[in-house]
Number of protein chains: 2
Amino acid sequence: MKKNGKIEKVSEKTIGRLSLYRRAMDKLAKEGRDFAFSHEIAHMSGATPDQVRRDIMVLGYSGSPNRGYSVAELSKSIGEFLDDLDVQKVVLVGVGNLGRAILSYFTGKRPKLSIIACFDNDTEKTGRVINGCRCYPMSQLQDVINENSASIAIMAVPFSASQEVADRLTHSGIKGILNFTPVSIKVPHGIHVEDIDMTMALEKVAFYSRQKPQGQLLERRTNDKAGH
Amino acid sequence: MKKNGKIEKVSEKTIGRLSLYRRAMDKLAKEGRDFAFSHEIAHMSGATPDQVRRDIMVLGYSGSPNRGYSVAELSKSIGEFLDDLDVQKVVLVGVGNLGRAILSYFTGKRPKLSIIACFDNDTEKTGRVINGCRCYPMSQLQDVINENSASIAIMAVPFSASQEVADRLTHSGIKGILNFTPVSIKVPHGIHVEDIDMTMALEKVAFYSRQKPQGQLLERRTNDKAGH
DNA sequence: TCATATTCGTGACATCTTTCACATTGTGTA
DNA sequence: TACACAATGTGAAAGATGTCACGAATATGA
């Protein structure tokens, strides 16, 4: 959907890949590399060189022919595009096995995204600091979110609590949710939800891992009207 | 790519959604429902009624107008399409925080997918049973996979070990990998890899949660050649 | 300095996925 | 039995995403 050739929408896939490219840049920077070619970035990110160049177009930043992209500048450009000026505050709801794993996974991963609190109903957990993150009772959800202007939530609660928690989060002013729950949550328009559905992912793998050898079962019969 | 109108490829997205539809059917069955309409399934799965009907076409199963789809039969049809006849055996590599969370998450979720072993280097863990799953040292990876004919692996190892583990898995005959590692692993043709990249997902949420209010920053300037 | 090899930027094209829209067909009712 | 209704099944259009291919730009070395 182009508007007079000056403005163009950025696809969701592109947003995701830019995040991967930045990670690749960070890795290269640590190795002391100054420049990288589109095909190297592609290889590191599971994309194609075409995709990489196409995606980078949205940044307004240009590489140089025969030298590639400046690692430092590309990383910076992606940061300017993806990141907010301020740190965005994140809360985690649900401190079970998965919640704790998420906490330790994200700790220090991205400087512009900070998990500032976590919530649970279990009084064994509330009041304590878990994996470096203070745990509050669910009753304080709204207050803590408001006091800290948190805008993002990660949901790792039992599926039965899913929708209720989502409602409370959106009422508290949360603008985006990363949902680990195997439930499709309903949110008001304008709130972004990203689902991570591990069961679905595993079932996809199972499907393809069993059918690949022959390659023929990936096709299907249509409701054959030609058949007789 | 249609071949004479009888055979058609099934899209990857469709595979994923079928898994969600089945989960919806299981839920409805528990509630005692016998029939469901496409719009109900859609609502439960975060899809549209059109998508649901389109996806179900690949099964060869038909609903009935005015009554919708039989919960039991749709679930069965999806099972026949997605599942292998036998149970598919799964191994988990990497029993850190995330690995343990994955173990407890999947336990008993899908009868046709069974996690039969997990692997780690830590001698504190090896030899023990963790979350109901026996933990072996990495050195036994190949042997255990072969002896049990496991075809699927879940990787939750540190990123630095990623590619090496992937290589060993594919050499051991693994046909599909669910990769929680933030690294794009390279595998031989015919091996299916599904990536779950939590950092990327969170960054996507962060991006959209910050830009949605105005809705304008989702657009981009092109490298204006008109400008001067 | 100039030719060469290499890579970027991007219009055009191809493919994949979703949505539209409507004919079709069971179902319940009078 | 015949009618009206409500959902399904599905070609076809629209939209999103990925790929191709080639001109432009730049480093390298004779």
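First the proteins, then the strands, lettered A, B, ... as listed; each starts at 1. Computed from a prediction, not measured in an experiment: that's the story for all the values here. What you see below is based on every heavy atom in this structure, not just the backbone, and it leaves out hydrogens, waters and symmetry mates.
No hydrogens or angles were tested; on distance alone, nothing pairs the side chain of A:Arg54 with the base of D:dT17 as donor and acceptor under 3.5 Å.
Here D:dA16 presents its C1' atom at 13 Å from CD of A:Gln51, a figure rounded to the nearest Å. What separates CG of A:Leu74 from P of C:dC8 is a distance of 11 Å, to the nearest Å. B:Asp50 has its CG atom 13 Å from the C1' atom of D:dA14, to the nearest Å. As a whole-Å value, the separation of B:Arg53 CZ from D:dA6 P is 15 Å. We find that OH of A:Tyr69 is positioned 13 Å from C1' of D:dA25, with the value rounded to whole Å. In this structure, A:Glu12 places its CD atom 14 Å from C1' of C:dT18, rounding to the nearest Å. Put simply, CG on A:Asp55 is 12 Å from P on C:dG9, counting in whole angstrom units.
Within residues 28-44 of chain A, the residues approaching DNA chain C are A:Phe37, A:Ser38, A:His39, by heavy-atom distance under 4.0 Å.
When each of D:dC20, C:dT19, D:dT17 is scored by its nearest atom to the side-chain atoms of A:Lys13, the top-ranked nucleotide is D:dT17. For A:Met57, the listed nucleotide lying nearest its side chain is C:dG9; candidates were C:dT19, C:dG9, D:dT8.
Under the 4.0 Å criterion applied to side-chain N and carboxylate O atoms, A:Asp197 and B:Arg23 are assigned as salt-bridge partners. Salt bridge absent: A:Lys89 and A:Asp84 never bring a charged side-chain N and a carboxylate O closer than 4.0 Å. With salt bridges taken as basic N to acidic carboxylate O contacts below 4.0 Å, one links B:Lys76 and B:Glu80.
Under the side-chain hydrogen bond (donor to acceptor under 3.5 Å, both in side chains) test applied with B:Asp83, the options B:Lys112, B:Arg110, B:Arg22 reduce to a single match, B:Arg22.
A close approach under 4.0 Å does occur between a side-chain nitrogen or oxygen of A:Ser62 and OP1 or OP2 of C:dG9. For D:dG9, neither phosphate oxygen OP1 nor OP2 lies less than 4.0 angstrom from any side-chain nitrogen or oxygen of B:Tyr61. Checking the phosphate oxygens (OP1, OP2) of C:dT18, a side-chain nitrogen or oxygen of B:Arg17 falls inside 4.0 Å.
B:Phe207 has its ring centre less than 6.0 Å from the ring centre of A:Phe81.
By the 6.0 Å contact criterion, NE2 on B:His39 is enclosed, its count of non-hydrogen atoms from other residues, nucleotides or ligands being greater than 12.
Using a 4.0 Å heavy-atom criterion, one finds that B:Thr48 contacts the sugar-phosphate atoms exclusively.
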Return the polar atom pairs (N/O with N/O) between nucleotides 25-30 of chain C and the protein under 3.5 Å, or none.
from: C:dG26; atom 1: N2; to: B:Asn66; atom 2: ND2; distance (Å): 2.5
from: C:dT27; atom 1: OP1; to: B:Arg67; atom 2: NE; distance (Å): 3.3

